[in-house]
Amino acid sequence: MSTQTSSSLPHLRQKLLPWSLPVALVVLWQVAAQAGWLSSRVLPAPLDVLKAFWTLAVSGELWRHVLVSAQRALSGFAIGGGLGLLLGLATGSWKRVETLLDTTVQMIRNIPPLALIPLVILWFGIDETAKLFLVSLGVFFPVYINTFHGIRSVDAGLIEMGRSYGLRGWALYRDIILPGALPSILVGVRFSLGFMWVILIVAETISAQEGIGYMTMNAREFLMTDVVLVGILLYALLGKLADLLARTLERVWLQWHPNYQSR
Amino acid sequence: MYFSPEENSEVRAAERVINGAAVKLRGIGKTFGERRVLKGIDLDIRPGEFVAIVGRSGCGKSTLLRLLAGLDAASEGELTIDGSADDVRIMFQDARLLPWKRVIDNVSLGLTPAYRRRAREVLERVGLADRERDWPSQLSGGQRQRIALSRALVHSPRLLLLDEPLGALDALTRIEMQQLIESLWQEQGFTAILVTHDVQEAVALADRVLLIEDGAVALDLDIRLLRPRERASNGFSAYEARILQRVLEAPPIEPSVASHDARTPGIAHISFAI
């Protein structure tokens, strides 16, 4: 009996160790808030944040905002990422398209999307189109660049082998070029999923009637610091969720890759 | 004792079915920029023949194989293979398996699903039927080359080109692979052209050994030993010694010619260092 506990106990400790610091910090925070060292306007106690979360969740308000934000993020990602993928595939595959487009894309890439906010407001006003445009633009470049790079770095020996085994056109693309570029494309997807939230937060805090950004900005005006914290935590959770999604894609699509083989 | 080439091929024809392709080269040359890698090569290879091409690195033997495979075009001369591009398959030094396809899918590359059974049969023949669901990264170097060989043979080629396929393998795996290639060649009757830097391998496998030196055929020698060949036999050693001696006789290729090797530091570098 004693051997069993002694073998599983270090294992358990190993798993819990990374969480000890965050837990300790939260406990300290709670104690500090209860003792009155921290003003609830600066930083409300964790339990109060949890309570605010619960109230918002029960009333359904929280889910409405989350749904709207997620919709914006995902449709922006679909548009920007889709265009980035298509254009990256085109410039990576055809030298002529690259000569035509790549210089332009590289030039635009160096403009931070957030620097365009004044212009975007002038163009689209402050409605949905502006937010969609900003998210799409931010997501576009990481996907574009990594797709282009991925196509270019496919092992030339494998392409030569494919040709000598009779693969042409679409078959060559499907069996060799696309799978060879996939690891790099997924790096771009993962990067842009993170960037997607950054852009959306800024876009939503500027102007919105719905969404997590609106919820926090609104709460700030009424000095509801607990709701502001709920919003920040929601972004953290959604960011983690997006990362999890990207990792799952990698595990499914790159299972052939020695780096992703679980042992 | 003297065998005419005709008699020789008749003896083999009695042993096995020959459905290999004949290969004919007339005045073949290849130039890369200023460098003439191959010049004026005339060659006739009979259906079902096993030819080994040996020579020092940079002599042009791999270039010749690439021309035969249609991977590069000759700069001059005429090359005829009595068959279509589908009858020719090449096996590279690095196995060039697709890492994102399982073993069975690598072997059936370019085949319609109906031919998957054939892929399985060939895998069984090379002794790797139990690894068909594995990823290439899970295999050893020798296993990968056996998969690459299956991938070539599943198309029933009439001309199989082998570009130093065993160069990176350990001695024991190498001999096993040589035996496997020989027996498959005897069963299927294709024409085989093997580029190798290993003279013993050439004598063990080939009906005929060609030595390429400085872009031209310097020696064309029929190996008249019965199969399976005994490496320890006197006849074997005699052939091996003769070819090796001929290879060593020739001066090494000058650094200026084999400039892509660039192992000898140039004079400019030395003076710079002082």
Side-chain angles (χ1 to χ4, degrees), chain A residues 85 88-89 92-93 95 143 146-190 246-263, chain B residues 62 65-73 81 83-113 115 119 133-139 144-145 147-157 159-163 165:
Chain A
L85 183 71
L89 289 177
S93 311
K95 190 79 196 156
V143 174
N146 284 288
T147 305
F148 173 78
H149 175 76
I151 296 263
R152 277 301 154 87
S153 53
V154 175
D155 184 353
L158 292 182
I159 296 177
E160 187 181 78
M161 183 280 299
R163 288 222 171 92
S164 81
Y165 275 76
L167 297 184
R168 297 276 178 281
W170 168 241
L172 188 74
Y173 220 74
R174 181 198 56 208
D175 284 343
I176 298 181
I177 297 176
L178 273 184
L182 199 58
S184 179
I185 295 175
L186 286 181
V187 168
V189 165
R190 197 158 159 194
R247 274 166 189 271
T248 310
L249 286 183
E250 279 174 353
R251 254 213 314 281
V252 173
W253 283 343
L254 304 182
Q255 48 176 310
W256 51 270
H257 204 291
N259 289 359
Y260 298 96
Q261 270 158 18
S262 47
R263 254 201 194 270
Chain B
S62 279
L65 204 74
R66 290 180 61 85
L67 295 186
L68 288 166
L71 297 174
D72 286 323
I81 296 167
S84 70
D86 277 344
D87 293 328
V88 184
R89 283 295 174 255
I90 184 165
M91 199 180 150
F92 301 92
Q93 173 162 21
D94 42 336
R96 299 202 188 175
L97 300 180
L98 299 174
W100 44 82
K101 283 184 180 284
R102 294 181 190 275
V103 164
I104 184 78
D105 298 316
N106 261 291
V107 176
S108 19
L109 185 74
L111 294 178
T112 50
Y115 284 89
R133 298 298 299 162
D134 283 3
W135 301 108
S137 60
Q138 297 167 320
L139 303 175
R144 275 181 226 183
Q145 282 301 30
I147 303 298
L149 183 64
S150 324
R151 181 178 63 188
L153 291 178
V154 84
H155 297 262
S156 310
L159 173 61
L160 181 66
L161 304 169
L162 304 141
D163 187 4

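Below, chain A is the first sequence line, B the second, and so on; all start at residue 1.
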Is any side-chain heavy atom of [Y] closer than 4.5 Å to one of [X]?
| X | Y | result |
| --- | --- | --- |
| A:Tyr173 | A:Ser93 | yes |
| B:Asp87 | B:Pro157 | no |
| B:Arg96 | B:Met91 | no |
| A:Glu160 | B:Arg66 | yes |

Would you check if the side chain of B:Gln145 reaches a backbone N or O of B:Pro165 as a donor-acceptor pair within less than 3.5 Å?
-> yes
Counting only N and O atoms by type, is there a donor-acceptor contact under 3.5 Å from the side chain of B:Arg151 to the main-chain atoms of B:Asn106?
-> no
Checking A:Ile176 against chain B: side chain, backbone, both or neither under 4.5 Å from a heavy atom?
-> both
Between B:Leu160, B:Leu109, B:Leu111, which is the residue that forms a side chain to side chain contact (heavy atoms under 4.5 Å, CB included) with B:His155?
-> B:Leu111
Toward chain A, the part of B:Ile90 with a non-hydrogen atom under 4.5 Å | both
Pick one of side chain, backbone, both or neither for B:Arg102, based on which atoms fall under 4.5 Å of a heavy atom in chain A.
-> side chain
Filtered by a 4.5 Å non-hydrogen cutoff, the part of residues 162-172 of chain A contacting chain B is A:Ser164, A:Tyr165, A:Leu167
